[in-house]
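Scope of the values below: all heavy atoms of this structure, side chains included, with no hydrogens, waters or symmetry mates.
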Amino acid sequence: MADSKREIERKYEATAETRLPDLSRVAGVSAVDHCGVTELDAVYYDTEDLRLAADSLTLRRRTGGSDAGWHLKFPVASGIRDELREPLSDTLPPSLAGLLRSRGRDRELVPVVRLRSARDVHHLLDAGGGLLAEVSTDTVRAERLTGGSGTAAWTEIEVELADDGDPAFLDAVERRLRKAGIRPSAAPSKLARALAETAPRPKKTPGRKGAHPTAGDHVLTYIRHQTEAITALDPAVRRDLPDSVHQMRVATRRLRSALRSYGKILDRGVTDPVGDELKWLAAELGIDRDQEVLDARLRARLDGLPRTLVLGPVRSRLRIWSVARRGGSRSRTVGVLDSTRYLALLDSLDALLAAPPLLPAASKGPDRALPRAVLKEYERLATRVGRALELPPGEDRDLAMHDARKAAKRARYAAEAAGPALGKPAKRFAKRMKALQTLLGDHQDSVVARDALRTLAVQAHAAGEPGFTWGLLYGREEAAAAAGERELPEVWKRASRPRIRSALEG
């Protein structure tokens with residue numbers, strides 16, 4: 001596994017004549033240590049169509065300096081990136097290649113830019129000699145290697161916060177630099193600047209001047225955002241970052257829901273096969289996520305009991321059961337992301353966006369086509385909620401409420417997709433659908449938890465362990481589900497107020 005480092009830095013414009021001000025006057029700085037000049041030589045890699053750069057990713061092989069090797073940087077926020085490092089080698093290390101698979105697919109990564117820099121480094125130190133930040137003045141020479149043959153040169157100042165440093169310290173340094181007339185750089189990275197300054201001049205292409213977005217434009221924008229989210233979350237899932245699997249699964253479901261809800265805008269004869277593959281991906285991602293949610297719920301219920309009511313090795317049995325069910329799930333998830341089927345799905349999404357199967361309604365204004373799709377999902381939901389409310393408590397009602405939950409999710413996602421076009425009415429509608437979805441989801445989680453608790457109670461009984469605690473937890477889950485069922489009519493009443501429908505209908 002590659003070494004990971006959170007990089008927090010700011011860049012500033014400079015010239016060959018720019019001199020750093022006295023940074024020892026920055027609050028907290030006791031000394032400024034001049035470390036000398038280092039020569040750096042970095043070759044940046046990308047696909048020929050610059051897919052990595054389009055997502056603000058940088059991959060380089062650098063020699064010189066204390067951290068020579070392969071570096072892969074993912075954007076986190078403005079001025080913040082996660083940098084993954086591997087030792088210097090002739091070829092791209094597999095650990096980094098895997099993290100780029102969702103972007104590059106089967107395209108070759110080729111050298112696109114070479115940057116040679118003379119880096120003059122100063123360390124800002126605190127009273128104890130600890131590093132607060134590194135300030136470097138970089139004289140850069142850029143050479144385009146693919147897609148042109150341009151060159152560029154510039155000087156910039158970079159201030160990088162020390163590991164675990166307080167980001168507010170960078171504000172203090174910036175104030176000092178600004179007083180000296182040094183201003184922040186407009187370029188987010190050296191690579192971005194190099195690509196911009198060495199690129200051939202683009203040919204002008206006519207656009208739709210003054211055209212208003214159509215219903216199809218809005219739907220395609222939503223689909224594009226969810227597709228980009230899946231691609232962007234792929235490396236996070238591979239790195240096992242918190243909540244990444246859940247976020248990727250949500251994006252997959254949102255995308256599938258949009259393809260189904262907006263079947264009058266995009267031809268479902270073309271999109272349904274893509275939807276089937278999205279359903280497969282969501283199911284694969286759910287294997288780990290569903291167990292994670294169940295584990296958290298059962299642990300929370302157990303933690304809520306007084307010690308006197310926890311009889312027998314309950315926690316040990318729960319932990320063993322959980323480990324057994326989750327064993328190998330992470331390796332399976334990564335295997336899915338490496339599969340030919342998954343990569344083919346990403347390609348099919350690219351193809352869908354490149355040549356969308358638009359139907360006649362797509363060319364119309366969004367004020368009619370989008371509300372119709374949202375209200376169609378609402379009618380489906382109303383039917384399912386009505387059926388659930390008619391049934392007596394029991395397994396049939398549990399299944400009906402689960403069906404209603406899925407319908408509430410589709411109605412919510414349809415409204416979210418329409419939100420940019422329809423404004424506050426769609427956003428209010430989505431909020432009400434989310435409240436309903438949350439209640440129905442908690443009920444379904446209780447159904448799943450009760451089934452797990454029964455299994456655990458049977459295992460405990462077979463091992464001669466007390467079953468009291470398992471039965472108590474089962475009873476509490478049963479009571480929570482009953483409370484949700486009693487609350488459903490009122491939540492549904494708020495979600496189905498006539499004025500919400502009339503607002504959507506315009």
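Looking only at side-chain heavy atoms (C-beta outward), Arg60 and Leu191 stay at 4.5 Å or farther from each other. Using a 4.5 Å heavy-atom cutoff, the side chains of Leu370 and Val219 are in contact. In this structure, Ser102 and Leu346 have side chains that are in contact, with non-hydrogen atoms separated by less than 4.5 Å. Counting only heavy atoms from C-beta outward, the side chains of Leu352 and Thr227 never approach each other to under 4.5 Å. Side-chain contact between Val447 and Met401 is absent, with no heavy atoms from C-beta onward closer than 4.5 Å. Counting only heavy atoms from C-beta outward, the side chains of Leu358 and Ser363 never approach each other to under 4.5 Å. No side-chain heavy atom of Leu456 sits less than 4.5 Å from a side-chain heavy atom of Leu473. A heavy-atom distance below 4.5 Å is not found between the side chains of Trp492 and Leu440.
Applying the side-chain hydrogen bond (donor to acceptor under 3.5 Å, both in side chains) test between Gln437 and each of Arg432, Arg412, Arg405, Arg410 identifies Arg412 as the sole match.
To the nearest 0.5 angstrom, Asp276 atom CG is 13.0 Å from Leu281 atom CG. Here the straight-line distance linking atom OG1 of Thr221 with atom CG of Asp217 works out to 6.5 Å at 0.5 Å rounding. Distance CH2/Trp70 to CG/Leu96: 8.5 Å, rounded to 0.5 Å. Here the straight-line distance linking atom CD of Gln459 with atom CZ of Arg317 works out to 5.5 Å at 0.5 Å rounding. Once rounded to the nearest 0.5 Å, the distance linking CG of Leu294 with CG of Asp445 reads 8.5 Å. Distance check: Leu220 CG to Leu266 CG gives 5.5 Å after rounding to the nearest 0.5 Å.
Put simply, the side chain of Thr47 never gets that close to the backbone of Leu52: no donor and acceptor are under 3.5 Å apart. A side-chain donor-acceptor contact under 3.5 Å links Thr252 to the backbone of Met248. A donor-acceptor contact shorter than 3.5 Å is absent between the side chain of Ser316 and the backbone of Pro313. Between the side chain of Ser322 and the backbone N or O of Leu318, no donor-acceptor pair lies under 3.5 Å. Side-chain atoms of Thr214 come within 3.5 Å of backbone N or O of Ala362 as a donor-acceptor pair. The backbone N or O of Pro357 sits nowhere less than 3.5 Å from a side-chain atom of Asp267 that would complete a donor-acceptor pair. Looking at Thr231, its side chain never comes within 3.5 Å of a backbone N or O of Arg103 through a donor-acceptor pair. Remark: the backbone N or O of Ile80 is not paired with any side-chain donor or acceptor of Arg6 at under 3.5 angstrom.
For the residue pair Arg254 and Gln226, no side-chain donor N or O sits within less than 3.5 Å of a side-chain acceptor on the partner. Side-chain contact annotation: Arg450 with Tyr474, donor-acceptor N/O pair under 3.5 Å absent.
Taking each heavy atom of Pro466 and Gly312 in turn, the nearest pair found is CD-CA, 4.0 Å. Residue Leu57 comes nearest to Phe74 through the heavy atom pair CD2-CE2, 3.5 Å, listed as atom of the first residue, atom of the second, then distance. Minimum interatomic distance between Ala407 and Arg384 (heavy atoms only, all atoms of both residues): CB-CD, 3.8 Å. In terms of heavy-atom proximity, His218 sits nearest to Pro213 at NE2-CB, 3.7 Å. Residues Ile265 and Ala369 share a closest heavy-atom pair of CD1-CB, 4.2 Å. Between Ala452 and Leu298, the shortest heavy-atom distance links the atoms CB-CD1, 4.3 Å.
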Run Leu302 and Thr469 through side-chain contact (heavy atoms from CB on, under 4.5 Å) and show every step you take. CA-CA 9 Å; Leu302 186 56; Thr469 302; 4.1 Å; yes
Output, in order, the C-alpha distance, side-chain angles, deciding distance and verdict of salt bridge (charged side-chain N to carboxylate O under 4.0 Å, His left out) for Arg387 and Asp403. CA-CA 10 Å; Arg387 172 170 169 72; Asp403 286 342; over 6 Å; no
Verify salt bridge (charged side-chain N to carboxylate O under 4.0 Å, His left out) between Lys279 and Asp272, making sure each step is shown before the conclusion. CA-CA 10 Å; Lys279 181 180 180 180; Asp272 276 356; over 6 Å; no
Do Ile8 and Phe169 pass the side-chain contact (heavy atoms from CB on, under 4.5 Å) test, and can you show the C-alpha distance, the side-chain angles, and the key distance before you say yes or no? CA-CA 11 Å; Ile8 303 176; Phe169 178 71; over 6 Å; no
Test side-chain hydrogen bond (donor to acceptor under 3.5 Å, both in side chains) on Glu277 and Ser348 and set out the steps. CA-CA 10 Å; Glu277 292 304 282; Ser348 68; over 6 Å; no
Leu381/Met433 under side-chain contact (heavy atoms from CB on, under 4.5 Å): CA gap, chis, key distance, verdict: CA-CA 10 Å; Leu381 170 62; Met433 293 301 103; 3.4 Å; yes
Does the side-chain contact (heavy atoms from CB on, under 4.5 Å) test come out yes or no for Tyr413 and Val250, once each step is laid out? CA-CA 10 Å; Tyr413 291 160; Val250 168; 4.0 Å; yes
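Under the 4.0 Å criterion applied to side-chain N and carboxylate O atoms, Arg105 and Asp350 are assigned as salt-bridge partners. The pair Asp234-Arg238 meets the salt-bridge criterion, with a side-chain N (NZ, NE, NH1 or NH2) lying under 4.0 Å from an Asp/Glu carboxylate O. Here Arg315 pairs with Asp303 in a salt bridge; the nearest charged N to carboxylate O distance falls below 4.0 Å. A salt bridge is absent between Glu83 and Arg81; no separation between the charged side-chain nitrogens and carboxylate oxygens falls under 4.0 Å. Salt-bridge check for Arg454 with Asp451: failed, with every basic side-chain N at 4.0 Å or more from each acidic carboxylate O. A salt bridge does not link Arg107 to Glu48: none of the charged nitrogens lies less than 4.0 Å from a carboxylate oxygen. For the pair Lys5 and Glu160, the salt-bridge criterion is met [side-chain N within less than 4.0 Å of a carboxylate O]. Ion pair Arg260/Glu377 not flagged as a salt bridge, since none of the NZ, NE, NH1 or NH2 atoms sits closer than 4.0 Å to an Asp/Glu carboxylate oxygen. Ion pairing of Asp442 with Arg297 is present here, as a side-chain N (NZ or NE/NH1/NH2) and a carboxylate O approach within less than 4.0 Å.
Atom CD of Glu395 has 12 or fewer neighbouring heavy atoms from other residues, nucleotides or ligands inside a 6.0 Å radius. Annotation for Lys11: atom NZ counts as buried by contact number, over 12 foreign heavy atoms lying within 6.0 Å.
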